[in-house]
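Okay, structure first, notes after.
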Amino acid sequence: MDEVRKKLQQVKSVMRIFVIVTAVFLFAYIGIAPAVSNSAVATVLNYTCDILVIISLVLVLYFYSKYSKVELFLNDVWHEINDFGYYLTARNENEVDSYFEAVSEDLIKNGFGFERNLELSELPFDARALKSKEFMYLVCIDELEKSDVVAYLDSAIYDVTVGNLRRKGNCVVAFICSSVEEDALSLSKAVTAMGRKNQLKFTVAIVDVTKGRVYFQGLYPTKCQQMTANYILNCEVPINDEYIGLEKLKFQYELEEKMKSFNINDLKNGTFSVH
């Protein structure tokens, strides 16, 4: 994976350099064009500008049509692998119900439209909070499994995209539980991005109230990271060191090992999956 990311960065750097050179040449040509009296020189400069612009457009279109999705995918996986294993909550509540109420109060105080006890796609949600382009779904559950995360995340995606007709925004699906199965943690760092420019993003936050830990992707500053830190952990961003658990999770090591066999063709063919 690191080698592929490195090659993509090199290709992207070459593309950017060529675009910059083209832009500089165009500005220089515009400046000297009135002073060029020799028709032959003017013709050469004109053709040179046309060629540089065409090559730049081809490079940009080629890179973003062929590699932009791959680049985003690799960046997301890199953050999953290199993120801290978990974060420590700043809240004092150590029961599922009391933790849920504390989070709910903060969401309401901060202007979120708040609804309790919803049934979405035949699944019970304890709450849904909405403010502008920010969504947060709260699910209270005793023991969290991977299948629960997948089902509730799919339901939230359907509710945002179909029920609320949103194409841009940020959504956090937060699970407040007493215990968490190991396989459920493998989805705690994942980001589901939708739309042509990935303008709609969904993340998961898992709160283990017994251990006082919150599992989510907190390494990279995003709106979802901020929402999770502010309302689930009850702390500010950037997240203070006292709330960071340095220990990595088992699935992060397994994912790092799996990505060693990654290649672009498998991803494009749909034969390579992360989780």
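Just so it is clear, the model here is predicted, and its values are computed rather than measured. Residues take their numbers from the sequence shown, with the count starting at 1.
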Inset, instruction - Check whether L26 and M15 end up in the same hydrophobic cluster, where Ile, Leu, Val, Met, Phe, Trp and Tyr are linked by side-chain heavy atoms less than 4.5 Å apart. - result: no
Inset, instruction - Evaluate side chain to side chain contact (heavy atoms under 4.5 Å, CB included) for T89 paired with R213, printing each intermediate quantity in order. - result: CA-CA 6 Å; T89 179; R213 295 179 177 181; over 6 Å; no
Legend entry - For L74 against F262, the heavy-atom pair lying closest together: CD2-CE2, 3.6 Å
Inset, instruction - Find out whether K189 and F251 are in side-chain contact, i.e. whether some heavy atom of one side chain is under 4.5 Å from a heavy atom of the other. - result: yes
Inset, instruction - To the nearest 0.5 angstrom, please state how far the SG atom of C224 sits from the CZ atom of F216. - result: 10.5 Å
Legend entry - Minimum heavy-atom distance I232-Y99, with the two atoms named: O-OH, 2.6 Å
Legend entry - Minimal non-hydrogen separation, A184 against I206, with atom names: O-CD1, 3.7 Å
Legend entry - Stepwise side-chain hydrogen bond (donor to acceptor under 3.5 Å, both in side chains) test for S155 and Y137: CA-CA 10 Å; S155 180; Y137 294 82; over 6 Å; no
Legend entry - Enclosure of D97 CG (heavy-atom neighbours >12, cutoff 6.0 Å): no
Inset, instruction - Determine, stepwise, if the pair F135 / R166 fulfils side chain to side chain contact (heavy atoms under 4.5 Å, CB included). - result: CA-CA 10 Å; F135 283 82; R166 298 302 174 92; 3.8 Å; yes
Inset, instruction - Specify the closest pair of heavy atoms between D208 and S178, including all atoms of both residues, with the distance to one decimal. - result: OD1-O, 3.3 Å
Legend entry - Any side-chain heavy-atom pair of T192 and I157 under 4.5 Å: yes
Legend entry - Any donor-acceptor pair under 3.5 Å from S179 side chain to E143 backbone: no
Inset, instruction - Take the angle between the ring planes of Y87 and F84 and call it parallel below 30°, perpendicular above 60°, tilted in between. - result: perpendicular
Legend entry - Criterion salt bridge (Lys or Arg N to Asp or Glu O under 4.0 Å) on R91 and D106, from CA distance to verdict: CA-CA 12 Å; R91 297 190 183 277; D106 283 349; 2.6 Å; yes
Legend entry - Atom pair CG (L59) and NZ (K12), whose distance is rounded to the nearest 0.5 Å: 14.0 Å
N/O donor-acceptor pairs under 3.5 Å from side chains in residues 126-133, not counting sequence neighbours:
unit_1 : atom_1 : unit_2 : atom_2 : d
D126   : OD1    : C140   : N      : 2.8
R128   : NE     : E115   : OE2    : 3.2
R128   : NH1    : D159   : OD1    : 3.1
R128   : NH1    : D159   : OD2    : 2.8
R128   : NH2    : E115   : OE1    : 3.3
R128   : NH2    : E115   : OE2    : 2.7
K131   : NZ     : N110   : O      : 2.9

Legend entry - V44 with V53, same ILVMFWY side-chain cluster at under 4.5 Å: no
Legend entry - side chain to side chain contact (heavy atoms under 4.5 Å, CB included) between Y220 and V191, worked out: CA-CA 11 Å; Y220 186 63; V191 177; over 6 Å; no
Inset, instruction - To the nearest 0.5 angstrom, please state how far the CD1 atom of I81 sits from the CG atom of L219. - result: 12.0 Å
Legend entry - K168 side chain vs L200 backbone, donor-acceptor pair below 3.5 Å: no
Legend entry - Main-chain N/O of L138 paired to Y152 side chain as donor or acceptor, under 3.5 Å: no
Inset, instruction - Return the minimal non-hydrogen interatomic distance between L187 and V204, and the atom names on each side. - result: O-CB, 3.9 Å
Inset, instruction - Answer yes or no: does atom CZ of F18 have more than 12 heavy-atom neighbours from other residues, nucleotides or ligands under 6.0 Å? - result: yes
Inset, instruction - Could you grab the distance from atom CD1 of I239 to atom CD of Q226, nearest 0.5 Å is fine? - result: 10.5 Å
Legend entry - Selection residues 228-252 - residue pairs positive for side-chain hydrogen bond (donor to acceptor under 3.5 Å, both in side chains), sequence neighbours left out: none
Legend entry - Distance in Å, F100 CZ paired with E93 CD, rounded so as to fall on 0.5 Å steps: 12.5 Å
Inset, instruction - Specify the closest pair of heavy atoms between A193 and K201, including all atoms of both residues, with the distance to one decimal. - result: CB-CG, 4.3 Å
Inset, instruction - Indicate if V150 and L185 have the same hydrophobic cluster label, given that clusters are the connected sets of ILVMFWY residues with side-chain heavy-atom separations under 4.5 angstrom. - result: yes
Inset, instruction - Side-chain contact test, heavy atoms from C-beta onward, threshold under 4.5 Å: evaluate it for E80 versus Q217 and give yes or no. - result: yes
Show me the side-chain donor-acceptor pairs of residues 169-177 shorter than 3.5 Å, one per line, residues at least two apart or across chains.
none

Inset, instruction - State whether the number of non-hydrogen atoms from other residues, nucleotides or ligands found under 6.0 Å of R16 atom CZ is greater than 12. - result: no
Legend entry - Enclosure of D50 CG (heavy-atom neighbours >12, cutoff 6.0 Å): yes
Legend entry - Spacing of CG belonging to D148 relative to CD belonging to E181, to within rounding of 0.5 Å: 9.5 Å
Legend entry - Working for side chain to side chain contact (heavy atoms under 4.5 Å, CB included), residues E134 and F112: CA-CA 9 Å; E134 301 174 17; F112 279 81; 3.3 Å; yes
Inset, instruction - Consider only side-chain heavy atoms of I, L, V, M, F, W and Y, link residues closer than 4.5 Å, and tell whether V70 and V60 are in one cluster. - result: yes
Inset, instruction - Would you indicate whether the side-chain heavy atoms of F202 and M194 approach each other to under 4.5 Å? - result: yes
